[in-house]
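This report concerns only the one structure given below.
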Amino acid sequence: MNHRGTRVLRLDALARVEGEAALYLRVEGDTVAETRLRIYEPPRFFEAFLTGRGHTEPPDITARICGICPVAYQMSACRAIEDACGVTVGGSLAELRRLLYCGEWIESHTLHIYLLHAPDFLGRPDVVALARHQRSAVERGLRIKQTGNAILEQLGGRPIHPVNVRVGGFYRTPEREELRPLAERLRQAREDAVETVRWVAAFDFPDAVCDHDLFALSDPGCYAIDSGTPAVMAARRQSPMLHEFPLAEFEQHVEEAQVPHSTARTTTLDGRRYLTGPLARYAINGRWLHPVAAEVARDAGLGDPLTGALCDNPFRSIVVRAVEVVQAIEEALRIIGGYERPPRPVVEVTPRQAVGTGATEAPRGLLYHRYALSEDGTLTGARIIPPTAQNQTAIEEDVRKTVQARLETAGPAADDEELTHLCERAIRNHDPCISCAAHFLDMTVQRT
Amino acid sequence: MVTEPGPATDPRPSLAVWKFASCDGCQLTLLDCEDELLGLTERVRIDHFVEMSSAEGADRGTASLAGRGPYDLSLVEGSITTAGDEERIQHVRRISRRLVTIGACATAGGIQALRNFADVDDFLAAVYAQPEYIATLETSTPISAHVPVDFELRGCPIDRRQLLEVVTAYLAGRKPQISNHSVCFECKRRGTTCITVAHGTPCLGPVTHAGCGAICPAYGRGCYGCFGPSSKPNLRSMVAQLRRDGMSERDIQRVFRTFNAASPEYAPVPDLAAEEQQSPPA
């Protein structure tokens, strides 16, 4: 193959991602000169129409940013409004919120593992083709996914855009007895989830190392989901210490910039490229994994999370996600086991003129909300920074490195189809949610 | 890449799923049919569903944004908000035998239709530092404003059982059995005590299209109208009731201006809410 001159690849649809984006890749000689993830999902202007709404509305409204992780939006929104109003939701109400969030982690991660990501490793275009060859594996995945949805339905009323969440807590909390059938299903799902870790750990992973700074919430004593302090681990542990900062200072560290090729805004963290999501959470929170989750992680070759093992091969993110499903199931079982119905379903939240921030760990990474309220609770400003917008630059770098490594590999040169497939895989590693970020992937590879 | 048998030898009807401006939740509903998904794919060939597959159904190459068609049934999620999408929906209609919209965005314009009541340039400036990079229309419009639609499935998000009914019906060549009565009917059927009568909780159930199964009242919450207007809603009476249950003019306007904000049935609400404001109930 001639590596001189310009080469252009076009793929107008990156499949098996949530939402619509395109990729532009320019190769000069044997060097990748430019990688651009172009998010063309049409903007919907949530931050603009939130202004003027009431302080009780963001959980329901922002859920509609993403049908894949509505609970993440509801939880970050609630935390931000409660922060502005000086209210902390604790005790069994906080535990119920975490249980609901576990449901979304189980559902969303399993959707990505089985329906969107595993087909890449097994050479199938989709889960339907995969089921023709590994029906029992696919059925196992669907069972786990359904268990996640069962939590969302029980606590939230429905799996997509749950109706039971409100600022201050819930409309209705379940009786202890109502959660018992969930526990039975979760115990079955735990076996399926452990088997999932074994299944994905045996996949064939390309060699790759990512060297982004890692960014996740840190919540000492537990694996951060619904609360915590922003924490940064320098790339490849160049600095041994975690750097933490108060959430109120988030926008002083995370800087957004708009680029011409995207309806998402890209971000840097203290001026540097960074990654949020499962790999970052595992690095920062691994020591707090439940013993069963830690054991399956070790058995899966991820190293010992209790002594701070990192997973820096983005292709193995599917293994980390599978471990996080085990973690979410264990956590859900723990919460149900200790649940006592709170005396009241909601804590009163009286509006005041203030600014509040909230951040939680959506399945694909840290999700930040900030709201400014007037005295009567009318929103005077809103800022939402979703995980995929934060990951856009890291994803572009992963694509560049992956293609560059392939171009440098001895033997037959890669044809356009192979390069396209590699790029798509490098992107899917991070479970991008384009609907969140825009604000698919249409790909152009140009070679000079 | 291993692929399935080609359409020439495959007697199953073909299905396509399309996305416009939306949150992905309604198409995700198809993947949420965990018990039915694999069985469904034995009866239907899913030829175009970019979120689920990197192939154009059978052995027709990789998935593309435009698809290849023709398709027996197209499910369309999302509203039209860009000039490019105005053209794309015409293309989708041309290559689809039946076209069904799924969800509030495709059926009513979605929450992004709040721009229809504002200046879109203000919205752009509020969200983007360099709005000149962004191409968008001034309005968010439902699919039916652009092409003929065979059926509109309501909901933000749609209900899984209703989606299965619509897909099954069209594949069997019959009309879907989806009633257009109000949420109140479903609440009664579910045996939920009326929360307005019992607790004075403001509830849009009397004017909201059924389909969700009356979830909110069962959780002690008033219906907030995410399935949009029912057939011939009595809004005057609804607005008066909401006032009696303690809602202000502003709150009444807000609750209708959400996920189905641009539904034409809701157009009189601002005036009705203002009238009620002037003549409070005795």
Side-chain angles (χ1 to χ4, degrees), chain A residues 11-13 15-20 41-45 47-49 51 53-54 57 60-61 64-68 70 111 115 119 123-129 131-133 135 138-139 142-143 145-146 149 157-161 163-164 171-172 258-260 263 265 345 424 435 439-440 442, chain B residues 1-4 19-26 28-29 31-32 34-35 37-38 41 46 50-55 62-66 81-82 85 110-112 114-115 118 120 122-124 126-130 133-134 136 140 156-157 212 215-216 218-221 224 226 251 254 258-259:
Chain A
L11 171 76
D12 84 344
R16 285 184 275 123
V17 300
E18 296 113 5
E20 299 180 331
E41 173 106 11
R44 294 165 67 212
F45 306 114
E47 289 159 312
F49 59 66
T51 302
R53 304 297 298 217
E57 296 190 285
D60 287 324
I61 289 179
R64 269 68 182 185
I65 292 174
C66 180
I68 320 288
L111 170 77
L115 277 70
R124 310 286 167 185
D126 55 50
V127 69
V128 178
R132 222 166 282 125
H133 301 269
R135 181 145 185 140
V138 170
E139 286 176 341
L142 291 172
R143 279 198 304 270
K145 184 175 174 304
Q146 198 170 38
N149 274 340
R158 61 185 174 194
I160 302 169
H161 307 330
V163 304
N164 192 26
Y171 288 90
R172 179 188 182 277
Q258 197 188 345
V259 286
T263 53
R265 297 173 303 229
E424 288 187 284
S435 301
H439 282 273
F440 178 108
D442 167 16
Chain B
M1 193 67 57
V2 185
T3 53
E4 347 183 355
K19 174 182 162 65
F20 292 86
S22 65
C23 79
D24 279 54
C26 290
L28 177 68
T29 303
L31 301 180
D32 271 357
E34 290 98 357
D35 286 334
L37 185 63
L38 295 180
T41 60
I46 302 180
V50 174
E51 184 164 319
M52 184 193 81
S53 181
S54 48
T62 55
S64 65
L65 196 59
T81 62
T82 67
D85 279 353
I111 191 159
Q112 57 273 19
L114 286 172
R115 76 178 67 180
V120 77
D122 292 346
F123 273 27
L124 269 166
V127 180
Y128 297 100
Q130 289 168 286
Y133 293 162
I134 307 295
T136 187
S140 169
C156 182
C212 65
I215 303 168
C216 288
Y219 281 77
R221 174 181 191 176
Y224 62 98
C226 70
D251 289 345
R254 278 178 176 164
T258 52
F259 314 110

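Lettering follows sequence order; numbering is per chain, from 1.
- For chain A, the nearby parts of B:A21 are the backbone and the side chain; heavy atoms of each come within less than 4.5 Å.
- Of the listed residues (A:R53, A:R143, A:R172), the one with the most heavy-atom contacts under 4.5 Å to chain B is A:R53.
- If you measure heavy-atom distances from B:D85 to chain A, the contacts under 4.5 Å come from the side chain alone.
- For the options B:G25, B:C26, B:S53, heavy-atom pairs under 4.5 Å to chain A are most numerous at B:S53.
- Per-residue heavy-atom pair counts under 4.5 Å with chain B were compared for A:E57, A:Q146, A:R64, and the maximum is reached by A:R64.
- The candidate from B:P157, B:A218, B:G220 with the greatest count of non-hydrogen atom pairs under 4.5 Å with chain A is B:P157.
- Using a 4.5 Å cut-off between heavy atoms, B:R254 touches chain A through backbone and side chain atoms alike.
- Chain B forms the most heavy-atom pairs under 4.5 Å with one residue out of A:N149, A:L111, A:L115, and that residue is A:N149.
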Under the side chain to side chain donor-acceptor pair (under 3.5 Å) rule, what do B:R115 and B:T136 come out as? Steps first, then yes or no, please.
CA-CA 11 Å; B:R115 76 178 67 180; B:T136 187; 2.8 Å; yes

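- Nearest heavy-atom pair across A:K145 and B:L31 is NZ-O, 3.0 Å.
- For B:L114, the part lying near chain A is the side chain, with the backbone staying farther off; criterion is any non-hydrogen pair under 4.5 Å.
- Applying the ring pair (Phe, Tyr, Trp, His ring centres under 6.0 Å) criterion to B:Y224, with sequence neighbours excluded, gives B:F259.
- Interface remark: of the candidates A:V127, A:I61, A:T51, A:I61 forms the most heavy-atom pairs closer than 4.5 Å to chain B.
- When heavy atoms are compared at a cutoff of 4.5 Å, B:S140 does not approach chain A at all.
- B:D24 and B:K19 are joined by a salt bridge, as a carboxylate oxygen and a charged side-chain nitrogen come within less than 4.0 angstrom of each other.
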Verify side chain to side chain contact (heavy atoms under 4.5 Å, CB included) between B:E51 and A:I68, making sure each step is shown before the conclusion.
CA-CA 12 Å; B:E51 184 164 319; A:I68 320 288; 3.8 Å; yes

Tell me, with the steps shown, if A:H161 and A:D60 meet side chain to side chain contact (heavy atoms under 4.5 Å, CB included).
CA-CA 7 Å; A:H161 307 330; A:D60 287 324; over 6 Å; no

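- Chosen from B:T81, B:T82, B:I111, B:D251, the residue pairing most often with chain A at heavy-atom distances under 4.5 Å is B:I111.
- Most heavy-atom pairs under 4.5 Å with chain A: of the set B:G110, B:C226, B:C212, this distinction falls to B:C226.
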B:R221/A:N164 under side chain to side chain contact (heavy atoms under 4.5 Å, CB included): CA gap, chis, key distance, verdict
CA-CA 8 Å; B:R221 174 181 191 176; A:N164 192 26; over 6 Å; no

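- Among all heavy-atom pairs drawn from B:S54 and A:R16, the shortest one is OG-NH2, 2.9 Å.
- Checked against side-chain hydrogen bond (donor to acceptor under 3.5 Å, both in side chains), A:R135 has the following partners two or more places apart in sequence or in another chain: A:E139, B:E42.
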